[in-house]
Amino acid sequence: QEQLGDVFSGMIGNGIGIFSVSADGANRRVFGSYVTGNYFDFLGVEPVLGRGFLPEEDATEGTHPVIVLAYSAWQRDFGGAADVVGRTMLINGREMRIVGVAPEGFTGHDTAMAFDFWVPLQMQPALSPTGSMLDRRGNHWIQSATARLREGITPEQARQAADAFYA
């Protein structure tokens, strides 16, 4: 019986959050997305400034307060400043360091919403007033998971492996 790693060459996941943001003196409520550390690499998205996330930035709970800004948020909150990478902004009262800016028009792989930024999934406990949802079985806060089939694997083989894993 195949394991998930045998049938998928990569996988990403994301969760949606509503955040209080303070940037350059402006305060607002915005949508952001918690994403797996390989999110931008998996999607083949190259930031226009800086970088996406490093694997270690999504490896341990609450230890890497970094964000990638949406292009529109970069323009609105920072006036498109070329030196935005390395600056910080407050998200839910926590200082977060900007490591990249997504390309214009990229709103995430969930096209039903436009996000102002993306943060590593492991930052959820540090940014949520309800605490960690990472280890709560039955908690369905992850909005979507997307996987890429390995070459030669059929959708039926992938479904069987996923069914076995989730059981």
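As the structure is a prediction and not an experimental result, all values here were calculated from the model.
- The two residues W118 and G108 have their closest heavy-atom pair at CZ2-N, 3.8 Å.
- With rounding to the nearest 0.5 Å, the separation of CG in D58 from CE in M123 is 10.5 Å.
- Contact of the I153 side chain with the F8 side chain is not registered, since no non-hydrogen atoms from C-beta on lie closer than 4.5 Å.
- By the 4.5 Å heavy-atom criterion applied to side chains, R28 and D77 are counted as neighbours.
- Each salt bridge (Lys or Arg N to Asp or Glu O under 4.0 Å) pair with one or both residues in residues 154-167, not counting sequence neighbours, appears once here: E156-R159, R159-D163.
- Between Q122 and T60, every side-chain heavy-atom pair lies at or beyond the 4.5 Å cut-off.
- With sequence neighbours excluded, the residues that form a side chain to side chain contact (heavy atoms under 4.5 Å, CB included) with S20 are R29, N92.
- Using a 4.5 Å heavy-atom threshold, the side chains of R76 and V30 count as touching.
- Here the closest heavy-atom approach between residue P120 and residue H64 is recorded as CG-O, 4.1 Å.
- With sequence neighbours excluded, no residue forms a salt bridge (charged side-chain N to carboxylate O under 4.0 Å, His left out) with R94.
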Throw together a table of side-chain donor-acceptor distances under 3.5 angstrom for residues 95-107, partners on residues two or more places apart or in other chains.
none

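- R150 is linked by a side chain to side chain donor-acceptor pair (under 3.5 Å) to nothing, counting only residues two or more places apart in sequence or in another chain.
- Between atom CG of residue D116 and atom CE of residue M89 there is a gap of 7.5 Å, rounded to the nearest 0.5 Å.
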Give every donor-acceptor pair under 3.5 Å between a side-chain atom in residues 35-47 and any protein atom, sequence neighbours left out.
from, atom 1, to, atom 2, distance (Å)
T36, OG1, G13, N, 3.3
T36, OG1, N38, OD1, 2.8
N38, ND2, M11, O, 2.9
Y39, OH, H109, N, 2.9
Y39, OH, H109, ND1, 3.0

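- Counting only N and O atoms by type, the side chains of S72 and Q75 include no donor and acceptor under 3.5 Å apart.
- For the side chain to side chain donor-acceptor pair (under 3.5 Å) test, no residue two or more places apart in sequence or in another chain qualifies with S9.
- Placement of V68 and I18 within a single hydrophobic cluster is found when ILVMFWY residues are connected by side-chain heavy-atom separations under 4.5 Å, directly or transitively.
- Under the rule for a ring-ring contact (aromatic ring centres under 6.0 Å, His included), the partners of F19 that lie at least two apart in sequence or sit in another chain are Y34, F117.
- Checked by atom type and distance alone, the side chain of E57 pairs as donor or acceptor with a backbone atom of L54 at under 3.5 Å.
- When atom types are taken as modelled, the side chain of Q124 and the backbone of L121 share no donor-acceptor pair closer than 3.5 angstrom.
- Residues Y71 and V48 come closest through the heavy atom pair CD1-CG2, 4.2 Å.
- Atom CG of L49 and atom CG of L69 lie 9.5 Å apart (nearest 0.5 Å).
- In this structure, N14 contributes its side chain and S33 its backbone to no donor-acceptor pair below 3.5 Å.
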